[in-house]
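Just so you know, ligand 1 is whichever comes first in the structure, and atom 1 is the first atom listed for that ligand.
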Amino acid sequence: MAEFGSQQILKPGLYVVATPIGNLGDLSPRAKHVLGQVDLIACEDTRVTAKLLTANLIKKPLVPYHEHNGPVARPKIMARLAEGAKVALVSDAGTPLISDPGFKLVAEAQDAGHYVSAVPGPCAAIMALSLAGMPTDRFLFMGFPPNKTKARQDWFRAELRTKASLVFYESAKRVADCLADAASVLGDRQGAVCRELTKRYEEVRRDNLGGLAAFYGAGEAPKGEIVVVIGPPPHGDEGDSTALDAETLLKAALKHMSVKSAAAFVAELTDVPKKVLYSRALELTKGD
Ligand code: SAM
């Protein structure tokens, strides 16, 4: 195991540095050391990073690097690397490049022959996997789902037979609809909603997808930041290419029966709760 010496002098190059996802105590000693040694810090939002640096008594020049200014900012950062500067890349929270900007900068720096290294640390998706109690031998990180129901259902449908736990980020205001779509497409798998990780109101709610959809659909939208983990298909389902998802069955059933009967019928076939299917059936028949 390599030793971390606090006097370690950094080589010129690019350092991808993970920062806390809520609890400031999670900034590692090495992350702090690197941020204190670099010439320049490229960050998503200079105000957010300035707060982190102030809390750690670090003062460094900050340059914004986010999804909208990449083409303009990247050549400037590359020019600094070419001059022999030490540059850190951070995001607002967690590990850069994980649903955050950075991959093009890392690729360009690598291709230009610069030294590129990372200081690993907090990542909401990985922490959620540590807490969800789902198999982690294979998992698929899916970023953020689409916002609209149809696109979101297609997004889940594409993974119907993926033999892996699914991990994704979702906004609190959309989580109930998203879980309902997940339940209607993927069936009644295990899920976990991991909220406000490392923060005061940290919470992990485990249930089947229907139960989670019903819980978050019942009250006000939850507060804070969320990662959803969904377990793999139950053993035996993965290879069944004729299996139909609840959404498809519901659409077919609605052609022949009432909303209530269709919801009850599909609930029996799929284990998705009747309540979730009923409200989805109402949506599908709206305007008929
Ligand atoms: N790069 C970050 C990482 O390593 O986790 C993720 C950046 S992504 C733009 C932000 C999303 O991550 C949030 O919308 C939320 O879904 C999730 N997230 C970030 N911090 C979180 C936390 N403390 N608890 C739960 N989810 C969190």
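Within the structure, ring-ring contact (aromatic ring centres under 6.0 Å, His included) contacts touching residues 163-199 (residues at least two apart or in different chains) are F141-Y169, F144-Y169, W155-F168, F156-F168. Residue pairs that meet the ring-ring contact (aromatic ring centres under 6.0 Å, His included) test with at least one member in residues 246-288, sequence neighbours left out, do not exist here.
By the salt bridge (charged side-chain N to carboxylate O under 4.0 Å, His left out) test, R206 pairs with no residue at all, sequence neighbours left out.
The 4.0 Å heavy-atom shell around ligand 1 contains residues I21, A93, G94, T95, I98, S99, D100, C123, A124, F144, Y169, E170, C194, E196, L197, K199, E225, I226, V227, ordered by chain and number.
With Y201 as the aromatic partner, R195 does not meet the cation-pi criteria of under 6.0 angstrom to the ring centre and within 45 degrees of the ring axis.
In this structure, the separation between CG on L179 and CD1 on I230 is 7.0 Å, given to the nearest 0.5 Å.
With D181 as the partner, the side-chain hydrogen bond (donor to acceptor under 3.5 Å, both in side chains) test is satisfied by one option alone out of K148, R152, K150: R152.
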